[in-house]
Amino acid sequence: MATSEFVPQPARYAVFVDAGYLYAASGALLLGCSSRREYRVAAEKLIKALTSHADDQLLGELLRVYWFDAAPKRQPTVDQRVIANLPLVKLRLGNLNAQGQQKGVDAQLRADLEALARHRAITDAVLLAGDEDMLPAVEAAQRYGVRVHLWGVEPTHGSNQAEWLVWESDTVEVLPADFLRPYFTKAKVLPVSATATEVRDPATAGRTPVPSPSEVFAGRTPAVKPSHAAAAVRAGGVPAPAGTAASPATVAASMNSHATSPVADGKLGPDRDHMLEIGEHVAQKWLFERGRDNIRDLLPGPILPPVIDKELLIEAEKELGGSLRPYQEARTWLRDGFWERVYREFGIGIGKSG
């Protein structure tokens, strides 16, 4: 009579992070801040530190990191888009309501954790969270034999994790302030012009024209006049004289690339005015689609995160119906138009060179 041989399950773990808890607890502990807008997080480095710490603590290999966060209407922020592109990281977004409350995050976490446990995909789970709403996820995973290791953030006083969640977890560890401190910094206050303040004033806000969807998606904003600096570069690579305006993307390009030519394979690149126009159009479209708060996260510029810069390039290529990759100068003009529209939206003037 044939007998089935028991095959031991290989040790494997996943890391589940409630970003809302991690950011709020760390911001309060390290910087005394209650709002994410008051600080910046080096998320990629933080995730690497967490996975490295898990590797030191647990046996087996990492399956992946599940990063649970929330955003209004589930529209990812700039930082969330960067996180979503990291290897072995799965971004899960709940909805962030008008009161700043996360909705749907605990249900998503339970679904993922329970599914992995049921299919014997993991033997251990690291849960960085503090809310009692995570308790059903812990109990569900444990019913399938998964060990749950609860991590928390050092509290400012008392405890910042639910008592029942601590009790039900197999092990508990508190991450100290020194572990988290390198990844959290106070946000810089950006200068805002008087013009921008007047536009946001309730007394005048009603008279500010708001573009309709058809204007945003079908229309085009007027092209920006060429700056002296960019015109000089196009004419022969001669730097603009001191005191003339230097566009943000031109500054970024000079920091990150070598001298370029508008000609590729004997063909002239796209027209400068057209690229400025497309850059402004994409900026206006993103302001409408993603909201001012998301675009504000790109400031102060002028260098875009690689993920966002790639999205800008793709949007522009759709408009042109061709590739911009051979034309470095055209990509610089595209960023010029994008930043000039963003800076105008927030009333930030472009600095002078020299």
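These values consider heavy atoms only, across backbone and side chains, with no hydrogens, waters or symmetry-generated copies. A quick note: this is a predicted structure, and the numbers were derived from the prediction, not measured.
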Q: With distance as the sole test, does T77 use its side chain to make a donor-acceptor pair with the main-chain N or O of Q80 at under 3.5 Å?
A: yes
Q: Check this for me: R325, atom CZ, are more than 12 non-hydrogen atoms of other residues, nucleotides or ligands nearer than 6.0 Å?
A: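 Not more than 12 within 6.0 Å, no.
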Q: Between Y183 (side chain) and E44 (backbone), is there a donor-acceptor pair under 3.5 Å?
A: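 Absent.
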Q: Would a distance-only check, ignoring hydrogens and angles, find a side-chain to backbone donor-acceptor pair under 3.5 Å from T332 to Q328?
A: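 Present.
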Q: Within a strict 4.5 Å, meaning less than it, do heavy atoms of the L58 and V126 side chains meet?
A: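 A side-chain contact exists here, since the closest heavy-atom pair is under 4.5 Å.
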Q: Hey, could you give me the CD/NZ distance between E38 and K186, rounded to the nearest 0.5 Å?
A: 5.5 Å
Q: Going by distance alone, is a donor N or O of one side chain under 3.5 Å from an acceptor N or O of the other, for Q161 and D131?
A: no
Q: So does A121 get a backbone contact from the side chain of R12, meaning a donor-acceptor N/O pair under 3.5 Å?
A: yes
Q: Between L109, L113, V17, which is the residue that forms a side-chain contact (heavy atoms from CB on, under 4.5 Å) with L127?
A: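 Single pass found, and it is L109.
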Q: Please report the shortest heavy-atom distance between F184 and S26, naming the atom on each side.
A: CZ-CB, 3.4 Å
Q: Passes side-chain hydrogen bond (donor to acceptor under 3.5 Å, both in side chains), N160 versus E154? Steps please.
A: CA-CA 8 Å; N160 55 22; E154 180 183 331; over 6 Å; no
Q: Given W67, which partner from the list V15, L128, L91 fulfils the side-chain contact (heavy atoms from CB on, under 4.5 Å) test?
A: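 So, applying the side-chain contact (heavy atoms from CB on, under 4.5 Å) to W67 and each of V15, L128, L91, only L91 qualifies.
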Q: Is any side-chain heavy atom of Y144 closer than 4.5 Å to a side-chain heavy atom of R120?
A: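 SC-SC contact between Y144 and R120 ruled out.
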Q: Salt bridge check: are R81 and E311 linked by an N-O gap of less than 4.0 Å?
A: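 A salt bridge is present here (some side-chain N lies under 4.0 Å from a carboxylate O).
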Q: Side chain of S169, backbone of T171: donor and acceptor closer than 3.5 Å?
A: no
Q: Going by an N to O cut-off under 4.0 Å, is there a salt bridge joining R335 and D309?
A: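 A salt bridge links R335 with D309.
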Q: If you compare all heavy atoms of G27 against all heavy atoms of Y39, which two are closest, and at what distance to 0.1 Å?
A: CA-CE2, 3.9 Å
Q: Which value, rounded to the nearest 0.5 Å, describes the distance between L334 atom CG and M275 atom CE?
A: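 Result: 4.5 Å between the selected atoms.
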Q: With sequence neighbours excluded, tell me which residues meet side-chain contact (heavy atoms from CB on, under 4.5 Å) with F179.
A: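 For F179, the residues satisfying side-chain contact (heavy atoms from CB on, under 4.5 Å) (neighbours in sequence not counted) are A49, L50, H53, L175, P176.
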Q: Is any side-chain N of the basic residue among R36 and D69 closer than 4.0 Å to the acidic one's carboxylate O?
A: yes
Q: Angle class for the F16/F68 ring planes (parallel below 30°, perpendicular above 60°, tilted otherwise)?
A: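 Correct class here is parallel.
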Q: Please give me the minimum heavy-atom distance between V146 and D170, naming the atom from each residue.
A: O-OD2, 4.0 Å
Q: Around W167, counting heavy atoms of other residues, nucleotides and ligands shown, do more than 12 lie under 6.0 Å from its CH2?
A: yes
Q: Is a side-chain N or O of Q57 found less than 3.5 angstrom from the main chain of A54, in a donor-acceptor match?
A: no
Q: What's the spacing between D124 CG and L59 CG if we round to 0.5 Å?
A: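 The CG atom of L59 is 7.5 Å from CG of D124, to the nearest 0.5 Å.
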Q: Of all the heavy-atom pairs spanning N95 and P72, show the shortest one and how long it is.
A: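 Nearest heavy atoms, N95 then P72: OD1-C, 3.8 Å.
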Q: Taking atom types as modelled, is there a side-chain donor on R64 or Y66 under 3.5 Å from an acceptor on the other?
A: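 Yes, because at least one side-chain N or O of R64 sits under 3.5 Å from a partner of the opposite role on Y66.
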Q: Counting only heavy atoms not in K310, do more than 12 sit closer than 6.0 Å to its NZ atom?
A: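 12 or below, so no.
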Q: Starting from the C-alpha separation in whole Å, work towards a yes-or-no answer on salt bridge (charged side-chain N to carboxylate O under 4.0 Å, His left out) for R92 and D112.
A: CA-CA 10 Å; R92 297 287 198 233; D112 282 330; 2.8 Å; yes
Q: For residues Y13 and D55, determine if any side-chain heavy atom of one lies less than 4.5 Å from a side-chain heavy atom of the other.
A: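 Yes. Closest side-chain heavy atoms under 4.5 Å.
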